[in-house]
Amino acid sequence: CIFRYSSLCLKREINMDKYIMKKALIQDIVFDEFNKVDYINIFNENENKYLRVYSEEMGSININTCRKHSLVDYVEIDDIKASFKRAIPIKRKMVLNGLKNEKIKSCMVTDTKEWGAFVSIMGISCILRNCDFSNDATAVRDIYKKGDTIEGISFRKVSAKDRISLEMKEKYTNPHSLSERNLKKGNIVLGMIRNVKEDKNRCFVGISKGFDLLASIPNGEKISEGQKVVCMITGVNLEGYGVRGRILNIL
């Protein structure tokens, strides 16, 4: 469980480069004349020490969820100043190590999109695409909502945009998913874009567990992994080329 792992990790101070990550309680949030956060006072109970975090050192902390007495991670800049922002790379490395070592196995949904969901692990934002969540056309938001915990996740990759991408160890399968007998020429099926080969103008569409449909990318359309599409099956040869089809509509 991520929460057990997190608590064990955060009980000890993690040294990375010149910074040590510690925990403190928010004492006060002070706003300026424009109603923007000016600084936050925090208190480290273990060290009986008060510190101040100024706006430029807050990073991506969510003020809407951080209230008085909330527990936060920080690093010290000097005897009176601290930073939330400089603690983020430390937590990110902890999350990556935990995922790669299979010690972190769950995450929390922070937002759902048509392509999948943003999820959080120890406050670090990650993504879970629909195509990495299910074997068929089931989207993350069909099953989970904001605030829910997803169990059974694992590390997939770090994307070109430096985003941590996750996948399910065992992908979800709709109990009413297509069976082999439904794979007939002319049938209309709902699927999920799994892989896009733009250089070859084609893509693979997951239509059921164990079955991907090969289709051309419609002219002028921009598609991406995780999108739902409606397809028509144009050919089936399970001992040869597999299932082929045509994308009729992008949902």
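Computed from heavy atoms alone, side chains included, the values below leave out hydrogens, waters and symmetry copies. Throughout, numbering of the chain's residues begins at 1 and tracks the sequence.
- Under the 4.5 Å side-chain criterion, counting only non-hydrogen atoms from C-beta, Asn46 is not in contact with Lys23.
- Residues Asp73 and Ile90 are not in side-chain contact: their nearest non-hydrogen atoms beyond the backbone lie 4.5 Å or more apart.
- The environment of Glu33 atom CD is dense: over 12 non-hydrogen atoms of other residues, nucleotides or ligands sit within 6.0 angstrom.
- For Asn219, the CG atom is loosely surrounded, since the number of other residues' heavy atoms within 6.0 Å does not exceed 12.
- By the side-chain contact (heavy atoms from CB on, under 4.5 Å) test, Lys100 is found to be paired with Leu96, Phe155, residues two or more places apart in sequence or in another chain being considered.
- With contacts defined as side-chain heavy-atom distances shorter than 4.5 Å, the pair Leu128/Met168 qualifies.
- Residue Glu56 qualifies as enclosed at atom CD: its count of foreign heavy atoms under 6.0 Å is above 12.
- Between Leu166 and Ile121 there is a side-chain heavy-atom pair separated by less than 4.5 Å.
- Under the 30°/60° scheme for interplanar angles, the aromatic rings of Tyr144 and Phe133 are found to stand perpendicular.
- Here ring pair (Phe, Tyr, Trp, His ring centres under 6.0 Å) pairs that include residues 36-56, with residues two or more places apart or in two chains, are Tyr39-Tyr54, Phe43-Tyr50.
- Heavy atoms of other residues, nucleotides or ligands lying less than 6.0 angstrom from CG of Asp32 number more than 12.
- Taking 4.5 Å as the limit, every side-chain heavy atom of Leu248 sits out of range of all side-chain heavy atoms of Val229.
- Rounding to the nearest 0.5 Å places CD1 of Ile153 at 7.5 Å from SG of Cys126.
- Judged as a salt bridge (Lys or Arg N to Asp or Glu O under 4.0 Å), not a single pair has a partner in residues 114-131 (not counting sequence neighbours).
- Using a distance-only test at 3.5 Å, with no hydrogens or angles considered, no donor-acceptor pair links the side chain of Asn44 to the main chain of Ala24.
- Put simply, NZ on Lys105 and CG on Leu99 are 11.5 Å apart, with the number rounded to the nearest 0.5 Å.
- The side chain to side chain contact (heavy atoms under 4.5 Å, CB included) test with Phe118 singles out one residue from Lys146, Met108, Arg163, and that residue is Arg163.
- Lys22 is not listed as a side-chain neighbour of Leu51, based on a closest heavy-atom distance of 4.5 Å or more.
- You'll find the side chain of Ile124 stays beyond 4.5 Å of the side chain of Met94, heavy atoms only.
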What donor-acceptor contacts under 3.5 angstrom involve side-chain atoms of residues 205-218, with partners at least two apart or in another chain?
from, atom 1, to, atom 2, distance (Å)
Ser208, OG, Ser177, OG, 2.9
Ser208, OG, Leu178, O, 2.6

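- From Met192, atom CE reaches atom OG1 of Thr138 across 6.5 Å, with rounding to the nearest 0.5 Å.
- With rounding to the nearest 0.5 Å, the separation of CG in Leu190 from CG in Asp136 is 8.5 Å.
- Residues passing the ring pair (Phe, Tyr, Trp, His ring centres under 6.0 Å) test with Phe84, sequence neighbours excluded: none.
- Contact check for Ile127 versus Lys161: no side-chain heavy atoms found under the 4.5 Å cut-off.
- Between Lys85 atom NZ and Ser55 atom OG the span is 9.5 Å, to the nearest 0.5 Å.
- Among residues at least two apart or in separate chains, there is no ring pair (Phe, Tyr, Trp, His ring centres under 6.0 Å) pair with a member in residues 220-251.
- Judged by distance alone, the side chain of Asn187 and the main-chain N or O of Asn182 form a donor-acceptor pair under 3.5 Å.
- Judged by distance alone, the side chain of Lys171 and the main-chain N or O of Cys131 form a donor-acceptor pair under 3.5 Å.
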